[in-house]
Every structure is written in C-alpha cells, then in structure tokens.
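Both counts, for ligands and for their atoms, begin at 1 and track the order of listing. Fair warning: this is a prediction, and the values are worked out from it, not measured in the lab.
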Amino acid sequence: MKKDDLIEVTIEDLSEEGTGIGKFEGMTFFIKDAVIGDRVRAKIMKLKKTYGFARLMEVLTPSPDRVEPLCPVARQCGGCQIQAMSYEAQLAFKTRKVENNLKRIGKFEEIPMESIIGMEDPFHYRNKAQFPFGKNRDGKIITGFYAGRTHSIIENTSCHLGKEVNEEILEKILAWMNAFHVEPYNEATGKGLMRHSLIRCGFRTGEIMVCLVINGRKIPGEEALVDSLKIIPGMTSISLNVNKEKTNVILGTEIKNLYGPGYITDKIGNIEYRISPLSFYQVNPIQTERLYGTALEFADLNGGETVWDLYCGIGTISSFLARKAGKVCGVEIIPAAIEDARENAKRNGLDNVEFFVGKAEEVLPEQYEKNHIKADVIVVDPPRKGCDELCLETIVKMSPEKVVYVSCDSSTLARDVKYLGENGYEVKRVRTVDMFGMSGHVETVALLTKKCLHCN
Ligand code: SAH
C-alpha cells in the first residue's frame with residue numbers, strides 16, 4: 001500500500017469532523033465527503049502506521065442515506081461536512097455517537113437516551129456569518145467561505161446555513177468595494193483594506209448588524225456604503241472593526257461605530273440579550289432555546305434552590321435558570337463575558353444571580369473551602385476538553401442532588417460522567433440536541449442524580 005494507490009472502501013463511521021471512516025486491509029482510512037453506507041473508490045493521500053487519509057474519487061454504491069447536497073459548492077467549502085447525508089441519517093448518527101461514547105468510554109451498560117431534538121429546517125439556522133474577501137484568478141473581488149483547512153476562498157454569497165438577507169448585504173459591499181476601489185486584504189503581503197464582513201441577525205427581533213473588519217482605521221465612501229446598507233429592512237447597526245495584525249484571528253479589539261447604537265438585541269426564551277460585534281452569542285438561537293429548555297427541565301427547579309452554573313459564558317443558562325431558582329452563581333474564565341453576563345442580568349431584572357471571574361476548577365474549590373458554599377444543582381457547560389478533575393472533585397464534595405451536564409463533545413462528557421458515576425452519581429436522563437446541522441457536531445444534556453444508598 002502506498003500513496004496514490006486506489007482503494008475500495010465501505011464507509012462504516014464518521015469522525016467528529018464528519019469525515020467518512022472505513023477499513024482497507026486492516027488500516028483505518030479517513031475519507032472526506034463519504035457517507036456511512038457508501039462503497040467508494042478513493043486515492044491514498046497520506047499513510048501513517050495504522051491509519052491513512054484518502055480522497056474520494058468515485059461513489060461506487062451510494063449509501064441509502066446519500067442525498068444530493070443543496071449547495072453546489074458543498075464539497076469544496078469548509079463550512080459543511082455532511083450535506084450529502086440525509087438529515088434523518090445525520091440525527092440518527094449523532095444519537096448513536098453519543099450513546100456509543102457513553103457506553104465505551106463511560107463504561108455504562110444502559111444509557112437512558114431520549115429522542116434527539118432536531119431542527120424543522122436544518123438550513124438557514126445560523127444567525128452569524130463571517131465572510132472573507134479576496135480576489136479570484138481573474139482579479140475579480142470575491143467573497144464566500146474558506147475551503148476546508150486552507151484559506152482559498154470558495155465564492156459564495158448565498159450560503160444555505162445562514163439568512164437569505166446575507167446575499168443582499170454582500171452584494172452591496174462588493175458593489176461599494178468596486179465603486180471606491182477598495183482592495184481586499186491579502187494575507188501573504190499584509191496589504192489591502194477589506195478583511196471580513198461579520199453579519200449577525202436577531203432571529204426574534206429581526207435586527208441586523210454588519211461589521212466590516214478592516215486593515216486600517218477608515219474606509220473611503222463611508223456615507224455611500226452606509227446609505228446603501230441602511231435601507232435593508234431590519235438594518236440596525238453598521239460598524240468597523242480595526243484589525244491591522246497579521247493573524248488568523250478575524251476580529252480586532254477596536255470598534256468604530258458608523259450607524260445605529262453599536263449593538264443589536266435578541267431574545268432566547270423570555271431573556272433579552274444585547275449583542276455587540278465582539279460579544280459571544282450562540283449561533284443557532286432556536287435550538288439553543290431547546291437546549292437550555294432541556295437543561296432547565298432536567299434541573300426541575302421548585303424555586304428555592306441554589307444553583308451553580310459553571311463555564312457560564314455570558315450567563316445565558318444562568319439567566320434561564322434564575323427565573324425558577326432561589327439563587328444562581330455563574331463562573332466563567334473570560335472577564336468580558338462576565339461583564340456581559342452582569343449587564344444582561346440587569347437588563348432582565350434578575351437580582352438573584354451572582355457572577356465570578358476565574359477558572360471553574362479554582363473558583364469552586366476556593367469558594368467551597370472559604371465560604372462553605374452549597375448547591376442543590378450544579379450545571380456545567382464546559383468547552384470541548386470537558387471539566388478539570390479538580391472541578392469534578394469539588395462537585396462531588398459539594399454533593400448536589402443533581403448535576404446537569406451540557407456538553408459539546410460526547411467523549412469528554414463520557415469521561416467526566418464516568419468519574420461522577422464512580423463517585424456516587426448515576427445517569428438518569430440523556431438527550432441530544434442538534435445545533436449544527438450539516439456538521440458532525442452535537443450537543444448533549446445529561447442529568448446525574450445522587451445514587452440512593454438504601455436502594456441496593
Ligand atoms: N454556557 C455558556 C457558554 C458555554 S461555552 C453558553 O451556553 O452560552 C464554554 C465556556 O467556558 C466559554 O465561555 C469559555 O470561555 C469558558 N471556559 C473555558 N475554560 C474555562 C474554565 N477553566 N473555567 C471557567 N470557564 C471556562
């Protein structure tokens with residue numbers, strides 16, 4: 001077996017990134033754009049000891065779950081990974097993945113999996129998009145998305161994951177660039193003004209924000225640009241973001257306001273949020289509401305409980321819980337997110353929330369030792385690497401009745417749930433929520449309760 005060999009493989013699984021996985025002569029191959037159930041011909045691109053990467057050349061026998069992607073550039077574009085798989089099959093795959101991880105890594109025999117919460121429309125769900133600008137081979141200014149793992153731009157102004165209005169906004173920006181000879185930024189030379197445009201929409205309010213990320217501090221034809229954009233229904237905020245660094249990080253730290261109040265507002269449940277260009281906000285607000293609703297249902301609050309919300313971000317889950325709890329304490333590592341969290345709590349008249357800046361694995365043990373804090377319910381929503389063991393250890397010491405674990409990575413969820421399982425907790429309910437259709441990612445909510453000591 002060597003590079004460039006053609007092999008025939010049956011796809012049996014998908015990676016977290018949505019890449020097809022199959023075996024050939026004992027070796028595991030990762031084949032992008034192949035769907036579970038496909039029999040494919042692929043060309044070996046890279047070989048390691050036990051696995052390799054191959055390029056899909058031909059689908060020999062299509063999987064019964066294979067569908068025609070809606071988007072003509074689905075394969076080249078890095079935005080979607082599994083558009084060639086029917087949405088029902090995507091949901092079944094995600095449920096299976098979470099269940100398998102909990103069994104294999106978590107060492108549970110039976111998992112109380114409930115049905116996955118899918119989307120009614122698995123397209124048009126994103127409220128945020130960041131479009132890079134560049135030039136094609138003919139020197140025409142283009143915008144779209146990066147191809148997977150590279151920075152070559154796949155031209156596309158009508159991405160099906162986002163709002164339809166993005167296309168109109170992008171066409172106006174392109175027209176303005178051409179009229180005022182605005183050069184797109186060139187990553188190789190560091191020259192050119194226009195880097196990205198960030199577009200955000202409040203799904204519930206209809207408010208739209210456009211923020212141009214520029215390699216400079218001013219733009220030519222500012223008035224013409226603002227005039228052309230502000231007539232779009234819902235346009236609420238237009239601003240510039242200054243980013244003169246040679247970096248892959250899209251946004252700089254300085255905002256210059258051109259039109260409107262500098263932010264848009266949106267609602268999740270009955271909580272209102274103020275969103276500025278730099279704030280974090282969930283990209284799929286409809287499913288976020290269902291995810292937090294599930295966490296709230298699992299927490300099953302009666303009104304008097306003390307709840308700790310670890311990894312709280314801008315306090316979205318905290319606010320959701322605060323309406324039903326006695327007191328909610330949030331912990332988050334990023335100071336700016338905590339500022340937003342406090343502001344959002346104030347905006348919504350919530351006076352039973354308190355926020356702490358710091359690492360969950362430091363703040364929680366410290367508060368426990370010093371102030372003997374208690375919790376009836378602890379909610380965690382960590383990043384993909386999961387919870388630090390010190391954090392889990394303190395949770396066990398605090399001995400809350402319930403732990404509600406919100407997870408974006410089911411393998412670290414399984415690892416952490418195993419730890420809690422070995423320390424007095426059992427898994428009562430597990431429900432997955434699809435927040436990112438057309439990608440391999442899935443969110444899970446798990447409810448753990450204290451094992452009954454008299455039951456066995
Ligand atoms: N619950 C929030 C955010 C979840 S994302 C929401 O739903 O909006 C995970 C969050 O954990 C991020 O905001 C990240 O900044 C934060 N984080 C990462 N490591 C952390 C740590 N060690 N301690 C506390 N927060 C951390």
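The shortest contact between atom 7 (O) of ligand 1 and any protein heavy atom is with Tyr292 OH, 2.3 Å. The protein heavy-atom contact nearest to atom 15 (O) of ligand 1 is Glu332 OE2, 2.7 Å. In terms of protein heavy-atom proximity, atom 2 (C) of ligand 1 is closest to Cys312 O, 3.4 Å. At the shortest separation from atom 19 (N) of ligand 1 among protein heavy atoms lies Pro383 CG, 3.9 Å.
At least one N/O-N/O distance between Ala360 and ligand 1 falls below 3.5 Å. Among the atoms of Glu361, some N or O lies under 3.5 angstrom from an N or O of ligand 1.
Considering each of Phe356, Tyr311, Phe320, Tyr273, the one bringing a non-hydrogen atom nearest atom 26 (C) of ligand 1 is Tyr311.
Gln287 and Tyr292 share no side-chain donor-acceptor pair at under 3.5 Å. For the residue pair Tyr405/Asp381, the side-chain donor-acceptor check at 3.5 Å is not satisfied.
Heavy atoms from both the backbone and the side chain of Ile333 come within less than 4.0 Å of ligand 1. Using a 4.0 Å cut-off between heavy atoms, Asp381 contacts ligand 1 through both its backbone and its side chain.
Judged purely by atom type and a 3.5 angstrom limit, Glu305 uses its side chain to pair as donor or acceptor with the backbone of Gly303.
For the ligand labelled ligand 1, residue Phe280 lies inside the 4.0 Å heavy-atom shell.
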Passes side chain to side chain donor-acceptor pair (under 3.5 Å), Glu164 versus Ser158? Steps please.
-> CA-CA 7 Å; Glu164 280 98 345; Ser158 57; over 6 Å; no
